[in-house]
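Worksheet: the structure to be examined is printed underneath.
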Amino acid sequence: MALLEILEYPDPRLRTVARPVAEVNDEIRQLVSDMLETMYEANGVGLAATQVDFHQRIVVMDLSEECNQPQVLINPRYEPIGEEKSDLQEGCLSVPGFYELLDRYARIRLIALDRDGKEYTKECEGLAAVCVQHELDHLEGKLFIDNLSRLKLDRIKKKLGKKKR
């Protein structure tokens, strides 16, 4: 396994739309293992392949306290279950140190392939639903900060600029 570099905003590669995985093979399974190792090392709960400069539709997540329940989402998609929204605080490994409340669907139905290429469906709510929506945004080249007001976004850009200097 290997640690991968996590791209940070405003890196333009974060805006790349990921393409579907054609075949779940050993190369994809190795990438999944490397992504999990990278996510755990960075103390994250989710990581999209786009964030590590691989532009395929792959996400890894682990919402457990013990970091022992990895979830693999290959070619994931979701459908909202109802119109109810929840606002949980979100952060991002690609925008470190910033957290904001965002409205996301409270309940979703996730459809994805596992690391063996088998399709599964799972209903998610709460943090799991938010995490799936956040990570799938990455696969579309979107960041959580894209949903913020211009004022909040300018504040984040300013702080990041100071941090880089």
Side-chain angles (χ1 to χ4, degrees), residues 1-21 27-65 67-78 85-106 108 110 112-113 115 124 126-165:
M1 293 205 298
L3 287 178
L4 305 170
E5 177 190 2
I6 297 173
L7 303 177
E8 290 188 8
Y9 177 81
D11 192 309
R13 294 172 290 179
L14 290 167
R15 301 302 186 173
T16 305
V17 176
R19 64 189 180 285
V21 173
E27 182 181 325
I28 295 297
R29 283 188 278 279
Q30 182 61 54
L31 175 59
V32 164
S33 294
D34 293 346
M35 287 174 62
L36 283 164
E37 182 180 1
T38 301
M39 179 189 71
Y40 289 133
E41 181 69 25
N43 294 314
V45 297
L47 185 68
T50 302
Q51 293 177 272
V52 291
D53 203 22
F54 286 88
H55 303 287
Q56 294 189 334
R57 297 189 66 80
I58 303 169
V59 168
V60 296
M61 296 174 21
D62 190 336
L63 306 177
S64 68
E65 291 287 324
C67 298
N68 63 357
Q69 296 175 25
Q71 299 175 57
V72 176
L73 292 66
I74 298 173
N75 293 339
R77 62 189 192 281
Y78 72 89
K85 301 276 182 127
S86 66
D87 60 340
L88 292 177
Q89 195 169 51
E90 294 186 37
C92 183
L93 295 174
S94 291
V95 190
F98 294 94
Y99 303 89
E100 294 289 340
L101 290 174
L102 290 183
D103 278 342
R104 301 272 193 182
Y105 289 107
I108 62 167
L110 167 67
L113 302 178
R115 72 184 321 148
C124 304
L127 179 60
V130 167
C131 192
V132 167
Q133 292 170 80
H134 176 107
E135 299 305 334
L136 268 63
D137 276 356
H138 278 297
L139 299 180
E140 297 300 325
K142 299 176 187 169
L143 299 169
F144 85 103
I145 58 174
D146 296 342
N147 298 308
L148 301 178
S149 69
R150 172 58 64 204
L151 183 66
K152 286 184 178 182
L153 185 57
D154 287 345
R155 182 178 49 114
I156 288 172
K157 286 179 180 176
K158 188 175 179 180
K159 286 183 181 180
L160 285 173
K162 285 181 182 177
K163 199 167 142 179
K164 296 249 188 237
R165 281 186 237 145

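Numbering starts at 1 and runs along the sequence shown.
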Can you find a side-chain donor-acceptor pair between Gln30 and Asp34 that sits under 3.5 Å? yes
Check: Gly141 main-chain N/O paired with Arg15 side-chain donor or acceptor under 3.5 Å: yes
Got a second to check how far Leu136's CG is from Leu110's CG, nearest 0.5 Å? 7.5 Å
Greater than 12 external heavy atoms within 6.0 Å of Leu151's CG: no
Do Asp103 and Ser86 have side chains that get closer than 4.5 Å, going by heavy atoms? no
Provide the closest heavy-atom pair for Val132 versus Cys124 in the form atom of the first, atom of the second, distance. CG2-SG, 4.4 Å
Is there side-chain contact between Leu36 and Asp62, with heavy atoms separated by less than 4.5 Å? no
For the residue pair Lys159 and Phe98, would you count it as a cation-pi contact if the rule is NZ or CZ under 6.0 angstrom from the ring centre and within 45 degrees of the ring axis? no
Is Ile28 close to Ile58 at the side-chain level, that is, under 4.5 Å between some pair of heavy atoms? yes
Show, in sequence, the C-alpha distance, side-chain angles and deciding distance for Leu113 and Val21, and conclude whether the side-chain contact (heavy atoms from CB on, under 4.5 Å) test is met. CA-CA 10 Å; Leu113 302 178; Val21 173; over 6 Å; no
Separation of Gln133 CD from Tyr78 OH (nearest 0.5 Å): 4.5 Å
Residues passing the salt bridge (charged side-chain N to carboxylate O under 4.0 Å, His left out) test with Arg115, sequence neighbours excluded, are none
From CA spacing to verdict: side-chain contact (heavy atoms from CB on, under 4.5 Å), Val52, Met35: CA-CA 8 Å; Val52 291; Met35 287 174 62; 4.1 Å; yes
To check you understand the geometry: which heavy-atom pair defines the closest contact between Ala129 and Ala106, and what is its length? CB-O, 3.6 Å
CG on Leu153 to CG on Leu148, rounded to 0.5 Å: 6.5 Å
Rounded distance [0.5 Å steps], CG in Leu47 versus CG in Leu4: 8.0 Å
List the residues meeting ring pair (Phe, Tyr, Trp, His ring centres under 6.0 Å) with Phe144, not counting sequence neighbours, and say none if there are none. His134
Minimum heavy-atom distance between Ala18 and Thr50, given as atom pair plus value: CB-OG1, 4.0 Å
Could you tell me the separation between the CG atom of Asp11 and the CG atom of Leu143, rounded to the nearest 0.5 Å? 10.0 Å
Asn75 side chain to Ala112 backbone, donor-acceptor under 3.5 Å: no
For a 4.5 angstrom cut-off between non-hydrogen side-chain atoms, does Glu37 reach Leu3? yes
Closer than 3.5 angstrom, by distance alone: can the side chain of Gln56 be matched with the main-chain N or O of Arg19 as a donor-acceptor pair? no
A quick test of your reading: do over 12 heavy atoms of other residues, nucleotides or ligands sit less than 6.0 Å from CD of Glu27? no
Would you say the side chain of Tyr9 lies within less than 4.5 Å of the side chain of Lys157, judging by non-hydrogen atoms? yes
CA sep, side-chain torsions, deciding dist, call: Lys158, Asp154, salt bridge (Lys or Arg N to Asp or Glu O under 4.0 Å): CA-CA 6 Å; Lys158 188 175 179 180; Asp154 287 345; over 6 Å; no
Check: Glu135 side chain, Ala48 main-chain N or O, donor-acceptor pair, under 3.5 Å: yes
Assess the side chains of Gln51 and Ser94: does a donor N or O sit below 3.5 Å from an acceptor N or O? yes
Pro70 side chain near Met61 side chain, heavy-atom distance below 4.5 Å: no
Check whether more than 12 heavy atoms from other residues, nucleotides or ligands sit under 6.0 Å from atom CD of Glu41, and answer yes or no. no
Between Arg104 and Leu88, is any pair of side-chain heavy atoms under 4.5 Å apart? no
side-chain contact (heavy atoms from CB on, under 4.5 Å), that's the test. Do Leu139 and Val59 meet it? Break it down for me. CA-CA 8 Å; Leu139 299 180; Val59 168; 3.8 Å; yes
Test salt bridge (Lys or Arg N to Asp or Glu O under 4.0 Å) applied to Arg155 and Glu100, step by step: CA-CA 12 Å; Arg155 182 178 49 114; Glu100 294 289 340; 2.9 Å; yes
Would Glu90 and Tyr99 count as a side-chain contact (heavy atoms from CB on, under 4.5 Å) here? Give the steps. CA-CA 5 Å; Glu90 294 186 37; Tyr99 303 89; over 6 Å; no
The reported gap from CG in Leu101 to CG in Asn147 (rounded to nearest 0.5 angstrom) is 12.5 Å
